Amino acid sequence: MSTKRDEQRDRLLRAAYELIAEVGISGLRTRDIADKAGVNIATLHYCFATKDALLTELYSYIIAMVKEERARYINDHGTAADKLRGHSELRLHFLRDKPASARAWRAFSEGVWTNGAVREIMRRHFAEVRVKLRDIIAEGRRDGTIGPLPTDDDDLAASMLMSLYDGLIFQWVADPEGFPIEQYTSGVLAWLGLQPVPEVAV
């Protein structure tokens with residue numbers, strides 16, 4: 001059963017999510033979050049003892065949003081190739097339909113340089129994603145659904161794939177109208193040997 005405090009926390013997290021997508025972590029102010037959520041600053045501090053605590057909860061909020069959509073795109077019982085195609089489609093979905101999530105993701109990625117709490121959040125997250133992608137790549141090598149990659153090291157291949165995806169997202173955030181994210185995402189799948197190399201408009 002939802003309590004008033006739960007409802008206030010949800011409103012504050014939604015407001016923080018929308019604001020961080022606009023101003024980044026360095027521009028995120030607790031008073032602005034409280035104002036946007038329609039609560040007073042004391043309520044924010046009651047729900048979140050520190051800004052770092054708020055950022056930790058906000059990251060969990062964003063990841064929960066991704067997990068809600070994940071099942072629509074990633075079939076855990078499919079082949080490794082199907083799973084990697086699903087990862088690409090999930091990223092495209094968020095860029096097309098929930099672009100604030102990409103801007104929020106970039107804000108967290110930039111925050112690793114200046115905020116210790118954000119650095120730890122991202123370190124743990126990257127480690128989890130790397131293991132998942134490493135296991136999919138290893139599975140694909142075993143079942144033959146993923147072609148030869150530039151490296152035989154599955155951890156390195158997973159890190160390279162993460163870098164490709166994040167690099168594409170960051171370029172899209174900088175120029176959402178002019179950057180052909182769908183074509184470049186197809187290029188990532190081609191790199192994995194999952195489809196022909198696309199012609200990319202420049």
Side-chain angles (χ1 to χ4, degrees), residues 2 6 9-10 13-14 17 20-21 55-109 112 118-173 180-198:
S2 180
D6 291 335
R9 285 172 65 85
D10 287 345
L13 287 170
R14 183 71 195 176
Y17 167 70
I20 202 172
L55 288 171
T56 299
E57 289 290 324
L58 176 58
Y59 197 78
S60 296
Y61 175 84
I62 293 169
I63 294 301
M65 191 185 309
V66 173
K67 287 181 177 176
E68 281 180 17
E69 301 285 338
R70 184 183 184 279
R72 293 174 51 196
Y73 295 92
I74 301 171
N75 177 5
D76 289 324
H77 302 293
T79 66
D82 292 335
K83 292 172 190 173
L84 288 176
R85 286 190 193 96
H87 276 278
S88 293
E89 283 300 314
L90 180 62
R91 284 165 172 80
L92 279 175
H93 160 66
F94 272 93
L95 291 173
R96 282 190 305 251
D97 307 323
K98 300 185 180 207
S101 64
R103 293 193 294 273
W105 173 252
R106 181 165 184 168
F108 270 96
S109 297
V112 301
V118 171
R119 188 176 306 118
E120 181 57 22
I121 291 167
M122 296 298 283
R123 184 195 66 74
R124 287 194 311 266
H125 175 73
F126 284 139
E128 290 172 11
V129 172
R130 188 178 301 109
V131 167
K132 288 177 184 174
L133 289 176
R134 179 201 68 198
D135 291 347
I136 293 171
I137 288 168
E139 177 188 338
R141 290 188 202 270
R142 287 192 304 272
D143 68 19
T145 58
I146 295 176
L149 298 177
T151 175
D152 292 331
D153 182 328
D154 294 339
D155 278 310
L156 179 56
S159 291
M160 291 170 70
L161 182 56
M162 290 165 65
S163 297
L164 286 170
Y165 279 132
D166 286 343
L168 294 179
I169 289 171
F170 295 166
Q171 291 178 74
W172 178 87
V173 168
I181 186 69
E182 293 186 358
Q183 289 174 300
Y184 278 99
T185 302
S186 294
V188 172
L189 293 173
W191 178 76
L192 292 165
L194 302 180
Q195 62 186 42
V197 176

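In this text the structure is predicted, and so the values were computed from the model without any measurement.
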- Check whether any side-chain heavy atom of Arg123 sits under 4.5 Å from a side-chain heavy atom of Val112, and report yes or no. no

- Task: Flag the pair Arg134 and Asp155 as a salt bridge only when some basic side-chain nitrogen lies within less than 4.0 angstrom of an acidic carboxylate oxygen.
- Result: yes

- Do you see a donor-acceptor pair shorter than 3.5 Å between the side chains of Thr151 and Asp153? no

- For Lys98 and Glu69, run salt bridge (charged side-chain N to carboxylate O under 4.0 Å, His left out): C-alpha distance rounded to whole Å, both residues' side-chain angles, the deciding distance at 0.1 Å, then the answer. CA-CA 11 Å; Lys98 300 185 180 207; Glu69 301 285 338; 3.2 Å; yes

- Item | Option passing ring pair (Phe, Tyr, Trp, His ring centres under 6.0 Å) with Phe108 (candidates Tyr59, Tyr61, Phe170) | Tyr59

- Task: With rounding to the nearest 0.5 Å, note down the distance linking CD1 in Ile169 to CZ in Arg103.
- Result: 13.0 Å

- Task: Answer yes or no: is there a side-chain heavy-atom contact under 4.5 Å between Asp82 and Asn75?
- Result: no

- Item | Interatomic distance, Met65 atom CE to Ser60 atom OG [nearest 0.5 angstrom] | 11.5 Å

- Looking only at heavy atoms, which two atoms of Asp154 and Ala138 are closest? And how far apart? OD2-CB, 3.2 Å

- Message: Go through it in stages, so that I can follow the logic: the residues are Arg70 and Asp76, the test is side-chain contact (heavy atoms from CB on, under 4.5 Å), and I'd like the CA-CA distance, side-chain angles, deciding distance and then a yes or no.
- Response: CA-CA 10 Å; Arg70 184 183 184 279; Asp76 289 324; 3.0 Å; yes

- Would you mind reporting whether Ile62 and Phe94 have side-chain heavy atoms less than 4.5 Å apart? no

- Under 3.5 Å, is there a donor-acceptor pair between the side chain of Arg85 and the main chain of Leu194? yes

- Query: Any side-chain heavy atom of Trp105 within less than 4.5 Å of one from Ser109?
  - Reply: yes

- Item | Note: Arg96-Glu182 ion pair, threshold 4.0 Å (strictly below) | yes

- Sub-3.5 Å donor-acceptor pair from the side chain of Tyr165 to the main-chain atoms of Met160, do we have one? no

- Item | Separation between CD of Glu139 and CG of Leu84, rounded to the nearest 0.5 Å | 9.0 Å

- Task: Look up atom OH in Tyr184 and atom CG in Leu168, then write down how far apart they are to the nearest 0.5 Å.
- Result: 8.5 Å

- Item | Main-chain N/O of His87 paired to Arg91 side chain as donor or acceptor, under 3.5 Å | yes

- Message: Could you check whether Lys132 pairs with Glu128 (Lys NZ or Arg NE/NH1/NH2 to Asp/Glu carboxylate O, under 4.0 Å)?
- Response: no

- Rounded to the nearest 0.5 Å, what's the gap from CG on Leu133 to CG on Leu161? Could you check? 5.5 Å

- Any chance you could measure Tyr73, atom OH, to His93, atom NE2, to the nearest 0.5 Å? 4.5 Å

